[in-house]
Structure formats: C-alpha cells, structure tokens
Amino acid sequence: MPLIWKEILTICLFIIPAHSLLTDKSKIRANLNFTELVTYDGYRHETHKVVTEDGYKLTVFRIPPKSECDKKLPLLFQHGLYLSGDDCIVPGPGVAHCYIYSDNCYDVWIGNSRGTRYSRDHVSLDPDTDHEFWDFSFPKLGIYDNAAVIDYILRNTEQEQLYYVGHSAGVASLIVLGSKKPEYNSKVKTAFGLSATTWIGNAKLPLVTVQKLVSNFNVSGDEILEHGGVVQIAAESLCGLKLSYYKCSTILFSILGYDGFQIAKDVFPVVVGHAPAGVSWKHFVHWGQIAKDGFKEYDYKDDNVKIYGQSTPPEFELENVKMKFVLLASENDWLADLKDVQKLHSKLPNSELCVLKDKLFSHLAFVYGKGIPVSITPSIINYIENNELDC
Ligand SMILES: *[C@@H]1O[C@H](CO)[C@@H](O)[C@H](O)[C@H]1NC(C)=O
Ligand SMILES: *[C@@H]1O[C@H](CO)[C@@H](O)[C@H](O)[C@H]1NC(C)=O
C-alpha cells in the first residue's frame with residue numbers, strides 16, 4: 001500500500017491527547033498490555049494458545065471465575081475491527097465489560113483475532129514477510145478463528161454451550177460462522193451483538209467514506225494500523241500539541257462519531273494507548289465494498305468468476321444462522337446505523353433488537369463508554385439470567 005494512505009489513515013484515526021492531561025493512573029494503564037493491565041486492575045488471568053485449522057496461532061485470555069462462584073456457562077468476548085481483546089478491560093473495573101461479567105461470576109474468555117497484536121503468529125507463515133498471512137477478512141475470523149476458539153473453550157470447560165458478546169465486526173464474523181458452519185449454531189446459547197456491523201450503507205462515519213474510496217482502487221497491502229507502528233510515531237508528534245481532553249475528544253469524535261463524552265477523561269488516554277491493534281488491508285477494504293454494495297463476500301472484481309463462479313460476490317445465507325441473537329443498537333451510532341441494524345434483525349431468523357434508551361451511545365461507547373454499566377451490561381446479564389429483554 002502506498003505510504004500516503006498509511007499517513008492519511010493514521011492521522012484520520014488517531015489524534016492523540018497530550019501527556020499533560022494524563023493522570024498518574026491513566027498514564028500507567030495506557031502503557032500496559034492485556035496481562036499487565038488485568039493484573040494491575042486486580043483480577044486473575046490465564047493465557048491460552050489456540051491454533052486454527054488454517055494454522056494461525058491465536059492468544060485467548062481468560063479471567064477465571066472466582067472460587068466462591070457457582071459454575072456458570074463460559075462467556076466469550078470478541079472485539080471488532082482495529083481493536084483487540086484489550087477492549088473488554090480498558091475502561092477499568094466497574095465499567096469494562098469483562099470485569100463486570102467476572103464480578104457477576106461468569107467464566108470470561110477473551111478472543112484476539114488473527115493479525116492483532118496478540119495473535120500475530122502462524123505455524124508456518126511470518127506476518128512480517130509473508131503476504132499470505134494477511135489474506136483474510138471477517139469471514140475467516142468467523143469460520144476459522146471463532147470456530148477454533150469456541151471449540152477450545154467448550155473442551156476446556158467441559159460445557160456444550162457458551163455466551164458470546166461481540167462488538168462490531170466481532171458480530172459479523174459469528175454470523176458468517178453460523179451461516180457457513182451451521183453446527184456452531186447450537187454451541188452458542190445466546191449471542192449479544194453490540195453495535196453490529198453487517199450492512200453499513202447508512203454509516204455516517206467519515207472513515208467509512210475513506211474505505212469506500214480506497215475500495216475503488218486496485219491497491220493491495222498487508223497490515224495496516226499495527227500496534228506500535230506508524231501510529232505510534234504520529235502519536236508522539238501529536239502529543240506535543242498539548243490538546244485538552246475537550247479538544248481531543250471533539251476532534252477524535254468528529255471523525256469516529258459524536259459520543260457526547262461517553263468515554264471518560266481518565267479512560268480516553270488508555271483507549272488511545274491500546275488502539276489500534278493491527279488489521280489486514282483486505283479486511284479494511286472489504287468494509288468499504290460492503291458500504292457500497294451490501295453485506296457480501298469480498299469482491300475480487302475480475303477474479304470473481306474464477307473464485308465464486310459468478311461475476312459478483314455472493315451474499316451470506318443468513319437463514320442458516322439459527323442461533324439466538326440479541327442486537328443492541330443506538331440511534332447515535334455513526335457506523336452501525338439503526339436502519340442497517342434493523343435490516344440485519346429482519347434477516348436473522350432468531351433475533352431480538354434492543355435500541356438503547358440512552359441516545360448518546362456511539363460505536364466506541366459500546367466498549368469504552370462510562371454508560372456501559374448503566375445501559376449495556378445489566379441488559380445482557382438480565383437476559384442471560386431471567387430471559388428478559390429490558391431496554
Ligand atoms: C505483556 O508484557 C510483559 C512484559 O513485557 C510480557 O512478559 C507479557 O508476555 C506480555 N503479555 C502479552 C499478552 O503479550
Ligand atoms: C490489480 O493489480 C494486480 C497486480 O498489482 C494485477 O495483477 C491485476 O490484474 C489488477 N487488477 C485489476 C482489476 O486491475
């Protein structure tokens with residue numbers, strides 16, 4: 001990929017707050033990786049390695065249930081595009097998804113998609129030199145990564161089902177899995193889709209416009225937005241700007257979607273310290289194609305006939321996705337627009353839609369926002385425990 005795109009994306013995506021606005025605690029938390037952060041926050045963890053059918057070595061984290069807890073089904077948290085398993089702990093105790101589930105006695109497992117900072121490994125391919133390593137988009141994150149991780153967790157815990165909480169592209173991957181490998185539908189008791197991205201034709205996010213634009217050109221590339229890459233250099237130079245939290249968030253959210261300061265001041269630098277976490281160019285472009293043409297397989301243009309036996313990429317067969325989905329959506333989501341989520345809801349045979357009463361929730365607030373323990377996790381836990389949808 002031409003360097004200029006990297007620069008543009010880098011600058012578009014991550015405007016970094018100045019050191020001056022970091023508290024000591026957020027300064028420390030911003031620089032810790034998953035295992036260090038979870039320990040700093042006072043929770044136990046395990047690190048597991050799972051190898052997919054196509055040879056990717058994934059890191060899966062676990063926050064094991066406390067000893068005083070009665071046994072519950074495992075719960076798998078799966079992050080979305082650009083991000084990593086860090087998402088479910090970044091906002092800290094009392095707010096972060098995985099800490100709240102752990103506080104409620106769940107056996108919490110955390111996936112890290114291939115290519116992200118914790119899963120940049122393969123039995124034979126080298127992510128730094130082999131282009132083939134980066135030849136994937138979200139369908140492979142479903143049929144290989146989600147499948148391998150789900151099987152691993154069920155084997156390890158001797159359970160037959162788990163709960164799945166996915167954010168953004170972490171919902172799309174599971175939908176593809178349920179569609180292409182229907183035997184997985186019975187392995188997921190309930191899947192919760194936070195700000196689910198499938199059809200994104202109504203997305204207002206400026207970044208999606210960039211994705212649509214680049215999908216028009218025949219440019220190829222491997223990894224973009226890697227953790228500690230070009231972004232870090234941009235970060236260091238932008239740190240000199242000494243922007244206030246107010247200015248920083250305004251700039252960031254004019255690009256990533258207005259969030260009404262849902263992401264707390266002390267969490268903001270921690271978000272910036274952990275995102276992005278690495279993504280394939282193909283996955284990035286695929287969402288640009290979807291924004292233009294709908295929720296379909298990757299468009300290989302002239303090669304579609306050779307690959308799919310037809311000139312346009314096939315759609316996914318959602319009628320196969322029999323597992324229970326609970327979709328949580330917000331009117332203020334600039335990426336997963338309510339109209340698009342409603343379309344998904346109408347096509348999934350076994351789904352319920354919950355539109356948040358809090359109208360300020362943005363796409364990222366679903367994983368980083370201070371409103372999570374008020375608007376999101378109580379609904380998820382209430383659904384699991386009482387089978388009630390209260391939103
Ligand atoms: C986090 O960093 C520490 C110290 O560098 C290292 O020992 C540990 O393996 C890292 N954890 C992960 C998950 O990469
Ligand atoms: C795209 O570029 C590749 C090599 O860079 C070339 O082989 C291929 O034919 C091009 N495709 C189109 C549609 O131009």
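Both counts, for ligands and for their atoms, begin at 1 and track the order of listing.
You'll find the ring centres of Y164 and F77 outside the 6.0 Å limit.
Under a 3.5 Å cut-off, the side chain of S119 and the backbone N or O of N112 do form a donor-acceptor pair.
Which of N33, L37, T39, V38 comes nearest to atom 6 (C) of ligand 1 through a heavy atom is settled by distance: it is N33.
Atom NE2 of H122 is separated from atom CG of L58 by 10.0 Å, given to the nearest 0.5 angstrom.
Of the protein's heavy atoms, none falls inside 4.0 Å of atom 9 (O) of ligand 1. Under the 4.0 angstrom criterion, atom 2 (O) of ligand 1 counts as having a protein heavy-atom contact.
Atom 4 (C) of ligand 1 has as its closest protein heavy atom E36 OE2, 3.3 Å.
With respect to V60, the side-chain contact (heavy atoms from CB on, under 4.5 Å) criterion is satisfied by exactly one of V149, I110, N156: V149. Of the listed residues (N350, T190, L344, I175), just one forms a side-chain contact (heavy atoms from CB on, under 4.5 Å) with F325, and that residue is I175.
Here is the list of ligand 1 atoms found below 4.0 Å of a heavy atom in F61: 13 (C).
For ligand 1, the polar-atom distance check against T35 finds a nitrogen or oxygen pair separated by under 3.5 Å.
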